[in-house]
Amino acid sequence: MLLSIHPTAIVAPGARLGEGVEIGPYAVIGETVTLGDHVSVGPNVVLTGRTTIGAGSRLHPGVVVGEPPQDFSYRGEDVSVEIGERCILREHVTVHAGTARGHARTVVGNDCFFMVGVHVGHDCIVGNSVTLSNNVLLAGHTSLGDYVLIGGGAAIVQRVRIGAYAFISGLSGVTKDVVPFAYVIGHRGRLDSLNLVGLKRRGFDRTQIRTLLDAYAILFAEEGLFRDRLDRLRAEMGEEALVKEILAFIDAGRNRPLLQPLGKHDHIADDPDLLEAGV
């Protein structure tokens, strides 16, 4: 299939374009950009830097990918953006390149759907089949597992990790790592339970969900120290496949703080992070 390039588009000579690529009016494609087969680039899209867009992806009007990171350490190093196959980036999504002190690249997996106004900061690693609703903000160095879904207007703080199949409700601010399969709610995001709706939609059966609920109850019980509860989870359920995913996520965090539920006797005003911030 032949290329379709609007006469007002600007495509640098070095750009690599796959078969069936469509480029709309006033789009700008840089010289080190690579577009896979059947990529659709809408009006006024800007693709710059060392950027790769996977086959079958669609970029809607105003998308900007590959601009330098918003990081004071950046000094023009060779950094990149990689976006996978069959991704949909709606209007005005921005994805910035990595930094030399980070991964030197920002990576988005396959089959992701980013709605209007999403920002993906430098050095982010986003898994497959991730959905980011309107105006979601990912700060630099954040990491999202497969099938994560984040509601509109949520903001994820720098270096936070969100485990696979987690759901973050709209307008939540997430400041600590979120274990896989979890459901986060609240202006100052807190764990509520499991992402039960999402798990059912993804084909998890009752036995698997019951196992995860039991694991959650042990790990986030109100009594005792977290490290003791973690040891108990390893001892009692450590051989369960889904529990292994949770344990592996925690271990990979190297003692990073985990988002916790509010206890029965806790109050948001007593949150040490809020007190520290003067809220």
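These numbers come from the heavy atoms of this one structure, side chains and all, not from hydrogens, waters or symmetry mates.
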Do [X] and [Y] have side chains that approach each other closer than 4.5 Å (heavy atoms only, starting at C-beta)?
| X | Y | value |
| --- | --- | --- |
| V45 | V28 | no |
| H92 | H60 | no |
| L213 | L194 | yes |
| I83 | V65 | yes |
| V33 | T48 | no |
| V157 | V174 | no |

Q) Can you tell me how far CG of L171 sits from NE2 of H187, rounded to the nearest 0.5 angstrom? A)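 Separation between the atoms: 8.5 Å.
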Q. To the nearest 0.5 Å, how far apart are CG in D111 and CD in E85?
A.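 The distance works out to 8.0 Å.
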[Y] backbone acceptor or donor facing [X] side chain under 3.5 Å:
| X | Y | result |
| --- | --- | --- |
| E240 | M237 | no |
| R202 | V197 | no |
| R229 | G224 | yes |
| D37 | E19 | yes |
| S172 | G186 | yes |
| T8 | Y26 | yes |
| T211 | T207 | yes |
| S57 | G84 | yes |

Q) Is the F181 to Y216 ring centre distance short of 6.0 Å? A)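 No, the ring centres sit 6.0 Å or more apart.
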Q) Between H96 and H119, is the ring centre distance below 6.0 Å? A)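 Between H96 and H119, the centre distance is under 6.0 Å.
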Q. Linking I/L/V/M/F/W/Y whenever any side-chain heavy atoms sit under 4.5 Å apart, do F220 and I168 land together?
A.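 They do share one cluster, since a chain of ILVMFWY contacts under 4.5 Å joins F220 to I168.
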[atom1] of [X]: more than 12 outside heavy atoms within 6.0 angstrom?
| X | atom1 | value |
| --- | --- | --- |
| N255 | CG | no |
| Y74 | OH | yes |
| Q158 | CD | yes |
| R16 | CZ | no |

Q | From CA spacing to verdict: side-chain contact (heavy atoms from CB on, under 4.5 Å), D78, R50 | A | CA-CA 8 Å; D78 181 23; R50 190 154 59 85; 2.9 Å; yes
Got a salt bridge between [X] and [Y], using NZ or NE/NH1/NH2 to carboxylate O under 4.0 Å?
| X | Y | result |
| --- | --- | --- |
| D123 | R105 | no |
| D214 | R210 | yes |
| R190 | D192 | yes |
| R101 | D71 | yes |

Quick one: side chains of residues 242-253, donor-acceptor pairs under 3.5 Å with protein atoms, not counting sequence neighbours, listed by atom name and distance.
unit_1, atom_1, unit_2, atom_2, d
D251, OD1, R234, NH2, 2.6
D251, OD2, R234, NH1, 3.3

Q. Parallel under 30°, tilted from 30 to 60°, perpendicular over 60°: which one fits the rings of Y183 and F167?
A.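 Judged by the thresholds at 30° and 60°, the geometry between Y183 and F167 is parallel.
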Q.
Under the criterion side-chain contact (heavy atoms from CB on, under 4.5 Å), I'd like the reasoning laid out for L144 against L138: C-alpha separation, chi angles, the key distance, then a yes or no.
A. CA-CA 10 Å; L144 276 58; L138 303 184; 4.2 Å; yes
Side chains of residues 124-136: which donor-acceptor pairs under 3.5 Å do they make with residues two or more places apart or in other chains?
unit_1, atom_1, unit_2, atom_2, d
N128, OD1, N110, N, 2.8
S133, OG, I150, O, 3.0
N134, OD1, V116, N, 3.1

(Q) The test is side-chain contact (heavy atoms from CB on, under 4.5 Å); show your working for T94 and V120 and say whether it passes. (A) CA-CA 6 Å; T94 55; V120 179; over 6 Å; no
